[in-house]
Protein chains: 2
Amino acid sequence: MHTFRIGTLASRAALNPPTIRYYEEVGLLRKARRMGSGQRVYDNTDVERLTFIKRCREFGFSIEQVKQLVALTADPSSACMDARTLAAEQLEQVRVQLGELRALEQSLEELVGSFDSRCAGGPGPDCVILGDLARS
Amino acid sequence: MHTFRIGTLASRAALNPPTIRYYEEVGLLRKARRMGSGQRVYDNTDVERLTFIKRCREFGFSIEQVKQLVALTADPSSACMDARTLAAEQLEQVRVQLGELRALEQSLEELVGSFDSRCAGGPGPDCVILGDLARS
DNA sequence: CTTGACCCTCAAGTTACTTGAAGGTTTACG
DNA sequence: CGTAAACCTTCAAGTAACTTGAGGGTCAAG
């Protein structure tokens, strides 16, 4: 089986080498085998593992949640429904964030709009809006 | 003019005292006057200042951006258009984040959906989906 | 055999705070 | 007036999830 070092793994999984070392350090990835010189050695199964982790991170799971998912995959008996639960919880969080961000978008639109309409004459000495922001 | 201590300021601006000290430390808030005993003293103008800062943070501006906005309010000559620019940039960032989050929402919906349809029979020993996540 | 790309570890920086320890101050009550 | 609760102080460390940098070893090609 053919092996490679951390840089290759990094480019295959589209992560930086320090990130991979970090994942190993926090226990998300198990300790890599080492060459005599101390350099880490990986193979294709590690690409899969890391791809799984990266996918999960892109889904917005925290490191701790990904650890749980990794543990679930090691114990397939009840893995499926537990993973579904995690995913559903994550989806719920994302929707809350979406709601907040949409509200923020609207407020910012209004803010920009009020600059446009009320300060349109150019840089006046007394910007009403900056003053407004300070009042309760 | 009546004055008060940090706890009162904190509750009026809806922030925690350590946060206010932190803002002072990083130069977002100027150094507070002190009583003989060393305790910080504030008045109503500080409530306004802090409210302004909190508003801006809620708009998603970073501490550095808020510093710029605070500086702008001190120099009202060109404040208005510069502030508009900052707000517009912030709006742009928010829209990018919104796009990413929407894509994430959809992916998670699909993920949850596939757990429902393909693992519906209960916790099977071989969850196809967890396997799928690992493949490139 | 040397040069450049790659690897190692350890420490510190990032953002925007929060939490905790150890101790001084103020205020309210009896 | 005493004392206990509530509040204040500073400084240090913790949080998430890495990134960046220093200082130094290793590997592959020409």
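Quick note on labels: first sequence line is chain A, next is B, and so on, each numbered from 1.
For the pair E25(B) and R21(B), the salt-bridge criterion is not met [side-chain N within less than 4.0 Å of a carboxylate O].
Toward the 5′ end of DNA chain C lies the nearest nucleotide of G7(A), the other residue of the pair G7(A) and P18(B) mapping further downstream. The residue among R21(A) and S62(B) whose nearest nucleotide of DNA chain C is located toward the 5' end is R21(A). Between Y22(A) and G38(B), the residue anchored closer to the 5' end of DNA chain D is G38(B), taking for each the nucleotide with the nearest heavy atom.
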Report, one pair per line, the protein and nucleotides 23-28 of chain D atoms (nitrogen or oxygen only) whose separation is under 3.5 Å.
| from | atom 1 | to | atom 2 | distance (Å) |
| --- | --- | --- | --- | --- |
| dC27(D) | OP1 | S37(A) | OG | 3.0 |

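When the options K31(B), R33(B), R40(B) are evaluated for a salt bridge (Lys or Arg N to Asp or Glu O under 4.0 Å) with E24(B), the one that passes is R40(B).
Y23(A) has no side-chain polar atom (N or O) that falls below the 4.0 Å cut-off from OP1 or OP2 of dA17(D). Taking side-chain N and O atoms only, R34(A) has no distance below 4.0 Å to OP1 or OP2 of dC7(C). Regarding contacts with the backbone of dC7(C), every side-chain N or O of R40(A) stays at 4.0 angstrom or more from both OP1 and OP2. Distances shown here put every side-chain N or O of N16(A) at or beyond 4.0 Å from the OP1 or OP2 atom of dC18(D).
One interatomic measurement links the two molecules: CG of L50(B) to P of dA16(C), which rounds to 16 Å at whole-angstrom precision. When rounded to the nearest whole Å, the span between CD of E24(B) and P of dC11(D) equals 12 Å. Rounded to an integer number of Å, the gap from NZ of K31(B) to P of dT10(D) is 10 Å. Rounded to whole Å, atom P of dC18(D) lies 11 Å from atom NZ of K54(A). Here dC17(C) presents its C1' atom at 9 Å from CZ of R57(B), a figure rounded to the nearest Å. One atom, CD1 of I6(B), and another, P of dT18(C), lie 12 Å apart when rounded to the nearest Å. The interatomic distance linking I20(A) (CD1) with dT20(D) (P) rounds to 15 Å, in whole Å. dT19(C) atom P lies 17 Å from atom CD of E25(B), rounded to whole Å.
Formation of a donor-acceptor pair under 3.5 Å by the T51(B) side chain with backbone atoms of V47(B) is found in this model. Looking at K67(B), its side chain does come within 3.5 Å of a backbone N or O of V26(B) through a donor-acceptor pair.
A cation-pi arrangement is absent between R55(A) and F61(A), since the terminal nitrogen or guanidinium carbon is not both under 6.0 Å from the aromatic centre and inside a 45° cone about the axis.
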Query raised in the report: Passes side-chain contact (heavy atoms from CB on, under 4.5 Å), E105(B) versus R95(A)? Steps please.
Result: CA-CA 7 Å; E105(B) 183 192 22; R95(A) 285 182 171 150; 3.1 Å; yes
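R49(A) and T45(A) are linked by a side-chain donor-acceptor pair at a separation below 3.5 angstrom, with hydrogens and angles left out of the test.
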